[in-house]
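All figures in this text were calculated on a predicted structure; none of them were measured in a lab. Heavy-atom basis, side chains included; hydrogens, waters and symmetry copies ignored.
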Amino acid sequence: MKRLEKQVVIVTGGAQGIGEGVCEVFCKEGAVVALWDVMPDGEATAERIKAAGGTIFFQKVDVTQQEEVTAAVASIIAEYKKIDILINNAGIVRDRSILKMTRKEWDEVMRVNVDSLYITARAVIPHMKKANYGRIISASSINAFAGAFGQTNYSASKAAIVGFTHALCKEVGKYNITVNAVAPGFIKSEMTDTMPDEVVTKAIAMIPVKRIGTPEDMGYAYLFLASKEAGFISGHTLHANGGAMPV
């Protein structure tokens with residue numbers, strides 16, 4: 001028996017990077033995955049994973065729009081009758097030092113990284129409550145704890161996710177719904193692929209396991225928190241950074 005056999009999962013921001021890694025791992029473990037994204041390559045990602053044997057479908061959903069989220073959830077419920085797991089992975093960066101940062105750049109990051117959690121939770125929790133089961137896992141970051149130059153907006157948004165996790169777990173625990181977060185460290189992505197080799201080498205030298213993390217690594221971190229075996233873990237932020245402590 002696979003660990004997520006026939007469980008229905010939403011992965012926001014699943015078109016690439018960590019979200020794609022989560023989709024791949026969850027499909028390998030038997031889940032039915034709804035890949036949500038606004039990126040045009042979301043369909044191609046879903047088709048690739050499906051060709052490898054996964055049960056996955058793409059829905060173009062802007063997680064900052066309650067109407068789109070509510071409609072997508074309704075279509076999943078109509079087809080599968082339940083939603084077991086919500087992965088809040090969608091996120092953006094708009095890096096700039098605070099005196100150069102525009103209000104639009106601040107608001108964009110907060111809207112996608114933080115407001116979306118309120119929107120998706122309101123749409124999904126009633127169905128989890130009815131089933132008396134659920135897992136909600138959101139993407140924080142090592143920079144929620146360590147900070148980073150030029151990332152006051154991003155670091156603040158990822159810290160807000162930790163607070164959201166602590167509070168929401170107290171509201172929904174009685175319905176057998178757990179709420180956790182994952183705080184990734186330095187992970188291979190489209191962004192890191194554009195970095196100079198010397199920057200990547202320097203970053204890896206600061207990681208005790210001496211390698212960059214992969215989307216698959218993150219997929220397995222999320223898998224643990226999504227599993228039935230993790231039913232007594234809630235309100236927790238799992239630091240997945242190869243030992244690079246957030247200080």
Side-chain angles (χ1 to χ4, degrees), residues 2 4-16 18-20 22-27 29-50 54-92 108 110-139 161 164-165 167-169 171-181 219 222-223 225-228 234:
K2 296 180 179 179
L4 300 181
E5 191 72 39
K6 296 183 180 179
Q7 292 195 43
V8 180
V9 183
I10 294 170
V11 179
T12 74
Q16 59 185 17
I18 291 174
E20 182 178 359
V22 173
C23 289
E24 289 178 336
V25 169
F26 279 33
C27 281
E29 290 296 330
V32 176
V33 175
L35 189 166
W36 287 8
D37 214 303
V38 294
M39 299 286 288
D41 52 351
E43 183 74 56
T45 298
E47 288 301 317
R48 182 183 60 77
I49 296 173
K50 186 185 297 184
T55 304
I56 185 170
F57 57 95
F58 172 67
Q59 291 179 302
K60 187 176 181 181
V61 180
D62 181 345
V63 291
T64 70
Q65 301 301 315
Q66 186 74 67
E67 296 81 5
E68 291 189 27
V69 169
T70 300
V73 166
S75 70
I76 294 170
I77 293 299
E79 178 70 21
Y80 297 101
K81 312 305 179 189
K82 63 173 184 171
I83 295 171
D84 298 290
I85 302 166
L86 168 63
I87 305 296
N88 286 311
N89 174 73
I92 62 170
E108 284 177 342
M110 292 300 168
R111 188 166 61 251
V112 176
N113 295 8
V114 182
D115 292 359
S116 65
L117 273 65
Y118 165 82
I119 291 169
T120 58
R122 281 175 58 85
V124 169
I125 286 173
H127 302 288
M128 292 182 171
K129 179 179 174 181
K130 183 178 179 181
N132 196 44
Y133 183 84
R135 300 282 187 265
I136 299 173
I137 310 167
S138 305
I161 290 169
F164 173 90
T165 297
L168 184 59
C169 80
E171 295 185 20
V172 299
K174 60 187 175 182
Y175 306 118
N176 197 29
I177 302 169
T178 64
V179 187
N180 292 291
Y222 279 93
L223 174 63
L225 293 175
S227 69
K228 292 183 178 180
S234 196

Point to revise | Partner set under salt bridge (charged side-chain N to carboxylate O under 4.0 Å, His left out) for Glu29, not counting sequence neighbours | key: none
Revision key, fill the gap. Taking every heavy atom of Gln59 against every heavy atom of Ser75, the minimum-distance pair comes out as NE2-OG, 2.8 Å
Practice item. Flag yes if more than 12 heavy atoms outside Lys129 fall under 6.0 Å of its NZ atom; otherwise flag no. Key: no
Exercise for review: Applying salt bridge (charged side-chain N to carboxylate O under 4.0 Å, His left out), name anything that partners Glu47, two or more places apart in sequence or on another chain.
Suggested key: Lys50
Exercise for review: Considering non-hydrogen atoms only, spot the tightest contact between Gly13 and Asn89 and give its length.
Suggested key: O-ND2, 2.8 Å
Review point. Do Val172 and Val179 come close enough that some side-chain heavy atom pair is under 4.5 Å?
Key: yes
Exercise for review: Would you indicate whether the side-chain heavy atoms of Val38 and Asp62 approach each other to under 4.5 Å?
Suggested key: yes
Review point. So, do Ile136 and Ile125 sit near enough that their side-chain heavy atoms are less than 4.5 Å apart?
Key: yes
Check your understanding: Which pair of heavy atoms, one from Ala123 and one from Gln66, lies closest together, and at what distance?
Key -> CB-NE2, 4.2 Å
Review point. Hey, are the side chains of Ile83 and Ile77 touching, using non-hydrogen atoms and a 4.5 Å cut-off?
Key: yes
Check your understanding: Which residue, Val11, Val9, Ile85, Ile137, forms the side-chain contact (heavy atoms from CB on, under 4.5 Å) with Tyr222?
Key -> Ile137
Exercise for review: Answer yes or no: is there a side-chain heavy-atom contact under 4.5 Å between Ile56 and Phe26?
Suggested key: no
Review point. Is any side-chain heavy atom of Gln7 closer than 4.5 Å to a side-chain heavy atom of Lys2?
Key: no
**Study point:** Closest contact, heavy atoms only, Asn113 versus Ile92
**Key:** OD1-N, 2.9 Å
Check your understanding: Looking at side-chain heavy atoms only, is the closest gap between Met39 and Thr45 below 4.5 Å?
Key -> no
